[in-house]
Structure formats: structure tokens, C-alpha cells
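Within every chain, numbering begins at 1; the chains are lettered A, B, ... in the order of the sequence lines, protein sequences first and strands thereafter.
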Protein chains: 2
Amino acid sequence: MARRELTQAITTEGRRQIAQHGADGLSLRAVARELGMASSALYRYFPSRDELLTALIIEGYTALGDAIETADARADRLGVTGRWLAMCRTARAWARQHPHEYALLYGSPVPGYRAPADTIDPAARIPLALLGPLRDGWRAGTVAGQHGVPLPAGLSGQLENVAGQVAPDVPPEVIGAAIRAWTQLFGLISFELFGHLVGSVDPADEFFEYEIVDIAGQLGLPAPSAT
Amino acid sequence: MARRELTQAITTEGRRQIAQHGADGLSLRAVARELGMASSALYRYFPSRDELLTALIIEGYTALGDAIETADARADRLGVTGRWLAMCRTARAWARQHPHEYALLYGSPVPGYRAPADTIDPAARIPLALLGPLRDGWRAGTVAGQHGVPLPAGLSGQLENVAGQVAPDVPPEVIGAAIRAWTQLFGLISFELFGHLVGSVDPADEFFEYEIVDIAGQLGLPAPSAT
DNA sequence: AGACATCGAGAGCAGCGCTCTCGTCACAGA
DNA sequence: TCTGTGACGAGAGCGCTGCTCTCGATGTCT
């Protein structure tokens, strides 16, 4: 089957182009040119440019998910807080190393509005991994229950629904805290990458460390043993 | 001076197109067509498509900044916490009413990497407005000093530098908390608008309320008197 | 051996950003 | 009043894009 190999060659070249020129710079003709084939032949493998983009989005989520899960596993002996910090640092590092791919995943949805069903599962791996330490800490009794504001009924239902799918024994407050931490982490990475911090804390290394430690505290994770 | 009017007609039509089809759907030729003129004539007013986009970005920041500042002023009698909540709700409402414009401001920077100097000042109005209640509360002694994690030296310098430009009497910890709240707010709005919350807390109204009240607590703002 | 599906190539369409040239018009100075 | 100058709009055109259609070649199954 040369088809699988050629399909992969196309996505590889596409990813190369996005890494260099961003999602807007992805041109089917240029990909075909680089692969030494006619542009029309490319449509045998991807019915449209958007489909190729979708494939690249899935690959991006997969790469980021792999990186985060690997970091989680490697930090296992550091405890739940160490795992959380390691995943945060890995996410930021991946984003800085692949800024255009990150923008493809977490920037504006490029064509009109998108949410192809195929991208949902790969995308969900990231928040699921981030939830890991919190879930384990909760089960081990090392994370606090938190926190001040009581959950309104509708939100509680939403969070219990999420919990039912991923960690039925974890109370909705903890799920809510995880979602907050998730949005906070990627909000910060996006702000740094997209240049919104330029006038303030722009070399954001220290601010990022400051933040993820603080979020760990919000999450009720125990104080870290070491870096 | 027909020049000013025509320039404005172009940006108005451009904004209309972006609102309908997103930033990618902005076409100089289509704008010219809609205005009944040759596409080449448009270059008398904007030297390139990117320049027109920059003008629209500035208009977007200005519109959002106006909305937030107005909300702040209107909530004056509600106290600092009420002002904070009002601005958060207004920011979210504006984003939901102008999703494509919001994506233009806070989504991926579209052409390569951008940060035209002209956009910085209009963009800075938003975090500055959000800082307002926190600054006033600090001066009135109604916000706590916070918080657990001590500031590393480099970050402290960055934050003092920011403080020196906008509120010299406010300590760096409070500036840091404001930046955190700012990234948290727009991180959440972006996640909602870009569809990342679809599987979890998707009708995000309650989660958003839950969040901004919690952030107010993190900021050390006093409990709100009323909604 | 013949029928069939798969694949690549080439031409072509409509659209895009942008450039260049040319005719028109208004206004300022002699 | 005549003339030079600058601003302006229109049109043609370049190279690029995504995408479609047709045609010939190749390989596989019956």
C-alpha cells in the first residue's frame, strides 16, 4: 500500500509548511510541488484543503497529548504536584517549539466555524491528562475539597456529567477546578505566544512558573517536594 | 474631505465582511465591489490587505475597550467587586456578539507574526480597565495584600516596571494578580468561543459566573453586595 | 483476455493580492 | 486665464490559489 505512505508524506510536508509559514501559508499546490506531483493528484488523498488541515489538527493534538502524557509518566515519582508542574512546563515548551501548530490548535478556528467530530477525541486527551494528578490526589486523600463559592445546580449537573465520563468518584467541585486550571494554563500560553504579554511580563518564564505553582495551590495540590 | 469618509466606508465594509465570514473572508476585491469601485482604487487608501486588517484590529480593540470602560463606569455604585464582575460580563458579551472580531483580536495572529506598534495602545486599554477596581480597592484598603507564593526577583522587577507605568503605588503582587485575572478571563472567553468547552461545560453561562466570582476572590476583592 | 477501479497529469475556471499605466479632475501659481 | 502638479479612479495584467474535469496509464479481479 503506497497509499498510506503517500498520505503520510503529504501530511508531513503540510506540517512542515505550517511550521514555517503558519496555517495560512499551507498551499496544496506547494505541497504537490514539493512532492513532485501534480496538484490535482493530491485530491485523491484529501478531498479539500480543509480536510488536510483537519488531519494536521488531529496530528497536532496527538503530538501534544503524547508529550504531556509522557511528561506525566516521567514525573510519576515526584508526586501529584510534581506531575502537574511537569505537564504544564511540557505544554508550554511544546507550544513554544511549535508555535504555528499551537496556533492551529488553540487559535482562532480558521475556516468559518469548525469542530469536526474527529478532532474531539484527540483534543480531549490533553484536559484528561491534566486531570490525572488531581484525580489521583483526590483518591489518595491528599487534595483538599475546596472551595468558597457553592456550585449552582445547572453547573453541578454539567460537572457531574463530565465526572461520570472520566472519573465517577471525583466530586464536581474538583472537576470544575480542573477545568479552570486547564483554561488558565492554555490562556496563559496563548497570551504569551500571541504577544499579549509583550508590554508587561514578556519574557514569561518566571511568570509562568509563578502561575502554575499558584494554580497548583488553587487545585488543592500539596506543596511540591522538589523541582 | 471625501478621503476620510471613504476610508471609513472601507473599514466599515471590511468589518461587515469579517463579521460575516471571518478574517480569512476579508477580500479587498469584494470590499471594492461592494463600494462600487475598482479594486485598484482601494490601494489609494490602504497600501495592503494587512494594513486594512490592522486598522480593523485597532477598531476592534477600541470598541471592546469602550464597552468595558462604559460597563466599569456604569457599575460605579456597585463597588469594586461589582465593577469587576460587570466588566467581565461585558467582555464576554462583546465577544459573543462579535465572535469573528474577537478572534481577530485574541485568536492566532494571522499573517506570520504581528504586533504593529499602533495596536499596542488600543489593546492596552482592556487590561488597564480591568486593573481599575483592583487599584481603587487597594488604595481604599479594601483588597487584601495576598498571597502565598513569594515573587522571584526578575518577575518582581517586571511587575514593578508595569506598576511604574500605570499605578506606582500598587505593589507588584497586586499587579501580578491583575495580569493573572486578565489572562484567566480571556482564556476562558477564548475557550468558550473557540469551542474547547463543548464536551464539558458548554453552555458556559453558569461556569463563567462561577469563574469570575472565584477570580474576584483570588484578587482579594470584597464579597459583592448584590448582582 | 476482458472488465473494472485506481491513480497521475494536464488544462482550465474563478477568485485572490498587488502593480502598472493611463485618462480625468481640481487646484495653485504665473 | 493658462498651465503645471498632484490626487484619484479604472482597466489590464501577473502570478498565485483551491478546485474540477477529462484523459490515458496501470494494475487487479473474474
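- In this structure the side chain of B:R4 never reaches within 4.5 angstrom of the side chain of B:T7, judged on heavy atoms.
- Residue B:S40 is classed as a base contact, given a heavy-atom separation below 4.0 Å to a base.
- Counting heavy atoms from C-beta on, the side chains of A:Y61 and A:Y106 come closer than 4.5 Å.
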Legend entry - B:D205 vs B:R92, salt bridge (charged side-chain N to carboxylate O under 4.0 Å, His left out): CA-CA, chis, key distance, verdict: CA-CA 10 Å; B:D205 304 74; B:R92 175 170 181 253; 3.6 Å; yes
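- Using a 4.5 Å cut-off on side-chain heavy atoms (C-beta onward), B:R33 and B:S39 make no contact.
- For the pair B:R44 CZ and C:dT19 P, the interatomic distance rounds to 12 Å; values are reported in whole Å.
- Where the helix from C:dA1-D:dT30 to C:dA30-D:dT1 starts and where it ends, the local axes point in directions that differ by 10°; five pairs per end, rounded to 10°.
- Between the P atom of C:dC18 and the OH atom of B:Y43 lies a distance of 4 Å, rounded to the nearest Å.
- The shortest distance between side-chain heavy atoms of A:R16 and A:E34 falls below 4.5 Å.
- For residues 119-128 of chain B, the salt bridge (charged side-chain N to carboxylate O under 4.0 Å, His left out) pairs, not counting sequence neighbours, are B:D66-B:R125, B:E69-B:R125.
- For B:A30, whose side chain is taken as the heavy atoms from C-beta onward, the closest listed nucleotide among C:dC16, C:dA9, C:dC18 is C:dC16.
- Taking only side-chain atoms of B:R33, from C-beta outward, the nucleotide of C:dT19, C:dA9, C:dG15 with the closest atom is C:dG15.
- Taking 4.5 Å as the limit, some side-chain heavy atom of B:E209 sits within range of a side-chain heavy atom of B:I212.
- Across all strands, B:R49 comes closer than 4.0 Å only to sugar-phosphate atoms, never to a base (heavy-atom distances).
- Both A:R29 and A:A38 lie near DNA chain C, and the one whose nearest nucleotide falls closer to the 5' end is A:A38.
- Proximity of B:S39 to the phosphate of C:dC18: no side-chain N or O atom is located under 4.0 Å from OP1 or OP2.
- A:L42 comes within contact range of no nucleotide atom at all, as no heavy-atom separation falls under 4.0 Å.
- Counting 5' to 3', DNA chain D first comes under 4.0 angstrom of a heavy atom of chain A and last does so at the ends given by D:dT17 to D:dC21.
- In this structure, A:I10 places its CD1 atom 11 Å from P of C:dC7, rounding to the nearest Å.
- The CD atom of B:E51 sits 10 Å away from the P atom of C:dC18 (whole-angstrom rounding).
- Across all strands, A:Y45 comes closer than 4.0 Å only to sugar-phosphate atoms, never to a base (heavy-atom distances).
- If you check every strand for non-hydrogen atoms under 4.0 Å, B:L26 touches sugar and phosphate atoms only.
- To the nearest 0.5 Å, the span separating CG on B:L28 from CD on B:E51 amounts to 11.5 Å.
- Enclosure of atom CD in B:Q20 by more than 12 non-hydrogen atoms of other residues, nucleotides or ligands within 6.0 angstrom is indicated.
- Per the geometry, CG belonging to A:D24 stands 12 Å off P belonging to C:dG17, to the nearest Å.
- One can place CZ of B:R3 at 15 Å from C1' of C:dA26, the figure rounded to the nearest angstrom.
- B:S108 and A:Y102 share no side-chain donor-acceptor pair at under 3.5 Å.
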